[in-house]
Amino acid sequence: MFSNSDARAAADLPLLAGLNPEQRAAVTLPPEHALILAGAGSGKTRVLTTRIAWLLQTGQVSPGGVLAVTFTNKAAKEMLTRLTAMLPLNARGMWIGTFHGLCNRFLRAHYKLAHLPQAFQILDTQDQLSAIKRLCKQFQVDEERFPPKQLQWFISGCKEDGLRPPDVEVRDAESRKKVEIYQLYEDQCQREGVVDFGELMLRSYELLRDNDAVREHYRRRFRHILIDEFQDTNKLQYAWIKMIAGLPGEGSHSAILAVGDDDQSIYAFRGARVGNMADFVREFSVQHQIKLEQNYRSHSNILDSANALISHNQRRLGKNLRTDAGAGEPVRVVEAPSDFAEAEWVVDELRQLVKGEGYERKEIAVLYRSNAQSRVIETQLFNAGVPYRVYGGLRFFERAEIKHALAYLRLLENPRDDTSFLRVVNFPPRGIGARTLEQLQDAARAAGTSLVDAVGSLPGRAGANLGAFVAKVDVLREQTAGCTLREIIEQMLESSGLIEHYRADREGADRIENLEELASAAESFVTQEGFGRDAVALPVDETAELTQSPASQGLDPDAPLLNEPLPAPPLPVDADTGETLSPLAAFLTHAALEAGDNQAQAGQDAVQLMSVHASKGLEFDAVFITGLEEGLFPHENSLSDHDGLEEERRLMYVAITRARRRLYLSHAQTRMLHGQTRYHIKSRFLEELPEDALKWITPRRSGFADMPASFSIAGGARPAWGNSGIHSNFSAPAALPARKTEPSHGIAAGQQVFHNKFGEGKVLSVQGEGDDARAQVSFGRHGVKWLALAVAKLTVVE
DNA sequence: CAGAAGCGCCTTTTT
DNA sequence: GGCGCTTCTG
């Protein structure tokens, strides 16, 4: 095992150059549980990635033995990019991703044990809500007494607490009804073969909990588990971590490195439990705790402000940021007579920053507590002709036209997906009204089938129209067998009538553009190397990987392999046929798991507008924090309880620590809120800052024009560089090193092949290379299947 | 069946 | 004040 002399030898590795003592200590910790308290701007991501690289390079773990979890796709991508820049390595075997992404991968690999169809589709928040609404209609739930939104919140909350319907405590008639609906919702999802986000987590947790062989396999496999933003984990996520790592004394073989910052916990409102940090230390008997307090981002006036503010919170693990960067400029504070004047001042000031002081626009952020506040500022920016970008709008895959297109695609994969069926059965309009659909739903419920299966039972013109729709989808499915994903999408756009519909619409141009973007996005998804990684149910043979030497991974051949590979117990393999997801199904999964960016045209030099929440993890040369008023920030809804106020203060802490060089704080005496002008006193947070770091300034312009804040842009026009453009996540695939191509599998389209289980079939198409190669084969009685060639044993028939 | 008009809501958000 | 959703009306 690990010894001190090895650590000393490792200390000279170039990987570790430039790390401060705390960072270095964190990176080179022995393989035991540890908690890293990483302050804002303290190089947290660097520590995390260097730790993984160091473990790999010193031969303490192979890529397959690493599990690294983040919350956002962005963070996961960042980690992977940095890691592959440090080390040449095959990222394929590594489990780096978001909680949900990894759970998805896990469930695909064990879909039978998880009681799911292999191509199960994922409901996003919108889909989930419409599924609940549909259910309420069907079971005549009083939507006044049980608003679907509230039911959604209830169901998600239960799942996040790990509770299935029978586990939920029933206290009165109301809660009984809610639990009943929860159960109905579960039945509906199961019948349709769909899972929501919470279900991804909960079901993988339960599978680990209930299946000894699976659990044991992963426990032995993951020697190092690294968790980012640990303060944001919820109850279920922490339970999942415990399940996959094993508590001390439960035959655990892994070391957890949890990285977090209790002062930046701002998601309690959605179930995050900072308390998981303390629980982790206790339950895992954590011996190593390291604080990263050296800040590399901001000047000390900014840090002093942040430190002073956060010291007003009682419940802290305790941490103080420090810097070598010097005092820098004072934090500028401004009082404006109105929200309108505040916006005017912000725009004035930032033009000065750009013109007079050489700041780049994209290095300036305007932050606010709630999104509604962006409007006044946008108006001013628009009038002044300053390019800006607003974060937090609709994301690519959430746009209505994209959701429609995805619904058609989902029906190609799974005709029983009732949510998708209802979404597009009459879109574009084809004479199928609400009455018809009600009848159809009744018939389906009576027969206990899905909607497509009930179509035949409807008589008359209504039945004929429905039949035509189903036939259309069926025809499309047949026609596109053997087509590339791009071709499938293009044909779908045509034959569904979506393109035609939007072409007829005066305002449909943007939508058509988005639909075309969808086809391109799909294409780059397919060509991206290893695209199927998250969706392919390849049997996991980790023993092979664990016995590989570091040299074969492209690592330092002289580094000793310190750990003998642990023989992982054989894993129950579901997909011994090699059957895998079609590119289409994989793409649909991707679309659900990664909603796409919500920012237009990255790279454009535009001022950044966003909520404080959205700014977490980012940094800018200059930051404006606006609307610092009691009731707004801290928000009035949070004032009732102590924890709420502390979370608001952490939010302010996050906002302050975004700034590198210059920080502005502003508040307005009056503000237009919910349609009426309200008077606010300045935020208590301003009082909690150190006087000597601040400078109260008066606006440069002679007096504020206190115009009515109701002024708005005629027609709601948005500038071209606003939020209206499209941007997809597919433009910049993580730069993975090219892998050597495996010997040819010898399978080509048109061939007759034989499969052990499915018999004889004809190859329709082949995609991908090496391990990712897969073939689409038509097996007659067994239908068309996608097979992973690395697994499926296909022989060519003459 | 589609556009218009009215109603009610309104913190933060990722997967 | 404005947006999204439901209901009304041609």
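In the text below, chain A, chain B and the rest are named by the order of the sequence lines, each starting its count at 1.
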* Among all residues two or more places apart in sequence or in another chain, which pass the side chain to side chain donor-acceptor pair (under 3.5 Å) test with A/His100? -> none

* **Results of side chain to side chain donor-acceptor pair (under 3.5 Å) for A/Arg270 - residues two or more places apart only** => none

* **Phosphate contact (B/dT15 OP1 or OP2) by A/Arg395 side-chain N/O below 4.0 Å** => yes

* Taking the same atom, C1', in C/dC3 and in B/dT14, what whole-Å distance lies between them? -> 23 Å

Return the polar atom pairs (N/O with N/O) between nucleotides 9-12 of chain B and the protein under 3.5 Å, or none.
from, atom 1, to, atom 2, distance (Å)
B/dT11, O4', A/His635, NE2, 3.3
B/dT12, OP1, A/Asn371, N, 2.7
B/dT12, OP1, A/Asn371, ND2, 3.2
B/dT12, O4', A/Arg369, NH2, 3.1
B/dT12, O2, A/Arg369, NH2, 2.5

* Could you tell me whether the phosphate oxygens of C/dC3, OP1 or OP2, come under 4.0 Å of any side-chain nitrogen or oxygen in A/Arg375? => yes

* What does A/Gly431 touch in the nucleic acid at a heavy-atom separation under 4.0 angstrom: a base, only the sugar-phosphate, or nothing? -> sugar-phosphate

* Asked: Taking atom P of B/dT14 as reference, at what distance in whole Å does atom CZ of A/Phe230 sit?
  -> 21 Å

* Under 4.0 Å from any atom of DNA chain B, heavy atoms only: list the residues of residues 123-138 of chain A that qualify, in numerical order. => A/Thr125

* Has A/Asn73 got a side-chain N or O lying under 4.0 Å from the OP1 or OP2 atom of B/dT14? -> no

* Structure fact -> Residue pairs meeting side-chain hydrogen bond (donor to acceptor under 3.5 Å, both in side chains), one or both in residues 423-433 of chain A, sequence neighbours left out, come to A/Tyr408-A/Arg430

* Could you classify B/dT11 for me, syn or anti, using a glycosidic angle within 90° of 0 as syn? => syn

* To do: Round to a whole Å and report the spacing from CG of A/Asp228 to C1' of B/dT15.
  => 15 Å

* Enumerate the residue pairs fulfilling ring-ring contact (aromatic ring centres under 6.0 Å, His included) with a member in residues 129-159 of chain A, sequence neighbours excluded, ordered by first and then second residue. => none

* To do: Please identify each residue that fulfils side chain to side chain contact (heavy atoms under 4.5 Å, CB included) with A/Cys136, with sequence neighbours left out.
  => A/Ile132, A/Val141, A/Glu143, A/Leu151

* Measure the distance from CD on A/Glu144 to P on C/dT6 and round it to the nearest whole Å. => 12 Å

* For A/Gln264, what residues pass the side chain to side chain donor-acceptor pair (under 3.5 Å) criterion, not counting sequence neighbours? -> A/Asp261, A/Arg658

* Taking the six-membered ring of A/Tyr182, is the NZ or CZ of A/Arg164 close enough (under 6.0 Å from the centre) and on axis enough (within 45°)? -> no

* **5' precedence on DNA chain B between A/Ile432 and A/Glu398 (nearest-nucleotide basis)** => A/Ile432

* Structure fact -> side chain to side chain contact (heavy atoms under 4.5 Å, CB included) filter on A/Leu645, not counting sequence neighbours, yields A/Pro634, A/Leu639, A/Arg649, A/Arg684, A/Phe685

* State whether a side-chain donor-acceptor pair under 3.5 Å links A/Asn414 with A/Arg410. => no

